[in-house]
Enquirer: 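I have a structure here, written as structure tokens, and I will follow up with some questions on it.
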There are 2 protein chains.
Amino acid sequence: MSEKREQLENIATDAVQRGGLHNLSFRTLADRVGVKSSSVHYYFPEKSHLAAALIARYSADFAAALQAINADKKGVIKKLDAFVKIFEDAVSNEKFCLCGMMAAEVESLDEANRTALGTYFQHTEDWLTDVISEGQPNGDLKPRAIARTLLSGMEGAILLDRVNGQRHYLKAQRDLIRVLISN
Amino acid sequence: MSEKREQLENIATDAVQRGGLHNLSFRTLADRVGVKSSSVHYYFPEKSHLAAALIARYSADFAAALQAINADKKGVIKKLDAFVKIFEDAVSNEKFCLCGMMAAEVESLDEANRTALGTYFQHTEDWLTDVISEGQPNGDLKPRAIARTLLSGMEGAILLDRVNGQRHYLKAQRDLIRVLISN
DNA sequence: GTCTATATACAGATAGAC
DNA sequence: GTCTATCTGTATATAGAC
């Protein structure tokens, strides 16, 4: 991937995590990178192509981060705490999850991008399900149900915590994990 | 409140719950109501005034719905199920929570509207805390922590379920309630 | 209270020179 | 690959007639 393209994707990702796709124009993006908007169109002919590139890259990076957790952390709680930390870091930088943000904008996404979003959430849910299955999850809930609870809980927590810049909702999710899972 | 103003707020609320404030223009809103955009400006001089009116009305309607639950439902689980149903109905109509949607757009809201959003979430959290305190909540979590878990869980669930039009995440939240609370 | 008309700014997108 | 220039559409917002 060309350096310029990568730079555009970096800055666009940051902007979308903060303000959403709708809030990012080709001109603003171009200005921040120091080129003209027509040059952005060279890399991403239409805005939907830019959205697709951002989702693909974010999904790949996120999957790599989850793999890194698998490799580095031992024990369910430590893995889940590392998972929560990804979201805490986002809130600390006043960012939302890129795919969470786009999920709010789903009505204005094309079908391909909606599918890509769905795949991101599915993969994350699968990873959580696998991790939870390693430990001793609450007997009244299946690992997948817990995974869904935590994934949507995390997205909602970051959404709400961003409103006032605090981390109360993420903290509650962290507490919930300790109640639902042992080891 | 004039009939026209109410009609504008009704249609605007619906539009924002589906596509966000950014996706709703004075022209689109005017077209749907059958007036000109300058007439919309008569009621809401600036877009931030429209946003403020929508948040205020939604907050009042939501508070009334919670009061109705208090009056009509007996028992914690029944009250919380009625609470979840509000969100399920939204997803069924392909809508997000108005304040959840605006929370995603928080970066482009002015300070007054951010505060109003925060108040909405605070009041809902308070209601949940009170309801949960009535029953026998999980001993390892304070009622307020459970309330935060459920509120952010609900917002996240509706956000994610809307991506593919299903209700898996809301279902998981409903299951979670049964594990965290007895009676 | 609603309209026509308009100001001004910005959006996404394209043609063609260099 | 990046630019200038431009098209076309739409955004928020306002002035002033009716």
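Quick note on labels: first sequence line is chain A, next is B, and so on, each numbered from 1.
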Enquirer: Assess the residue pair B:Asp126 and B:Gln122 against the criterion (side chain to side chain donor-acceptor pair (under 3.5 Å)); give the C-alpha distance rounded to whole Å, side-chain angles, the decisive distance to 0.1 Å, and a yes or no.
Expert: CA-CA 6 Å; B:Asp126 289 346; B:Gln122 189 62 54; 3.2 Å; yes
Enquirer: Determine whether a donor-acceptor pair (N or O, by modelled atom type, separation under 3.5 Å) exists between the side chain of B:Arg162 and the backbone of B:Arg18.
Expert: yes
Enquirer: Within the structure, does a side-chain N or O atom of A:Tyr42 lie under 4.0 Å from either OP1 or OP2 of D:dG1?
Expert: yes
Enquirer: For the side chain of A:His41, starting at C-beta, report the closest nucleotide among C:dA13, D:dC3, D:dA13.
Expert: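 Nucleotide nearest to A:His41's side chain: C:dA13.
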Enquirer: Provide, to the nearest angstrom, the distance between the CZ atom belonging to B:Phe44 and the C1' atom belonging to C:dT2.
Expert: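 Result: 15 Å.
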Enquirer: I would like to know whether A:Lys85 and A:Asp81 meet salt bridge (charged side-chain N to carboxylate O under 4.0 Å, His left out); could you show each step before the answer?
Expert: CA-CA 6 Å; A:Lys85 189 169 185 303; A:Asp81 276 347; over 6 Å; no
Enquirer: Rounded to whole angstroms, how far apart are CD on A:Glu3 and P on D:dT2?
Expert: 10 Å
Enquirer: Would you say A:Thr28's side chain and A:Leu24's backbone share a donor-acceptor pair under 3.5 angstrom?
Expert: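 Looks like no, no N/O pair under 3.5 Å.
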Enquirer: A:Arg27 or B:Ser25: which one's nearest nucleotide on DNA chain D is closer to the 5' end?
Expert: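 The answer here is A:Arg27.
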Enquirer: Taking atom P of C:dC10 as reference, at what distance in whole Å does atom CG of A:Leu29 sit?
Expert: 16 Å
Enquirer: From C:dA11, C:dA13, C:dT2, pick the nucleotide closest to the side chain of A:Glu46?
Expert: C:dA13
Enquirer: Specify the separation, in whole Å, of atom CG of B:Leu8 and atom C1' of C:dG1.
Expert: 12 Å
Enquirer: At less than 4.0 Å, is any side-chain N or O atom of A:Lys47 found next to OP1 or OP2 of C:dG12? Yes or no.
Expert: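 The answer is yes; a side-chain N or O of A:Lys47 sits under 4.0 Å from OP1 or OP2.
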Enquirer: The side chain of B:Ser37 is closest to which nucleotide in this list: D:dA13, D:dA11, C:dC3?
Expert: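 Nearest to the side chain of B:Ser37 among the choices is D:dA13.
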Enquirer: Give a yes/no answer on whether the side chain of B:Tyr43 brings an N or O atom under 4.0 Å of OP1 or OP2 in C:dT2.
Expert: yes
Enquirer: Measure the distance from NZ on B:Lys36 to P on C:dT4 and round it to the nearest whole Å.
Expert: 5 Å
Enquirer: From NE2 of B:His49 over to C1' of D:dA13, roughly how many Å is that when rounded to an integer?
Expert: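 Computing the B:His49:NE2 to D:dA13:C1' distance gives 12 Å.
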Enquirer: Would you mind reading off the distance between B:His22 atom NE2 and D:dT10 atom C1', rounded to a whole angstrom?
Expert: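 Those two atoms, NE2 and C1', are 13 Å apart.
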Enquirer: Starting from C1' on C:dC10, measure out to CG on A:Leu24 and report it in whole angstrom.
Expert: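 To the nearest whole Å, that distance equals 13 Å.
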Enquirer: Answer with yes or no whether B:Ser38 presents, from its side chain, a donor or acceptor under 3.5 Å of a partner atom in the base of C:dT4.
Expert: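 Yes.
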Enquirer: Between A:Tyr169 and B:Glu125, is there a side-chain donor-acceptor contact under 3.5 Å, judged purely by atom types and distance?
Expert: yes
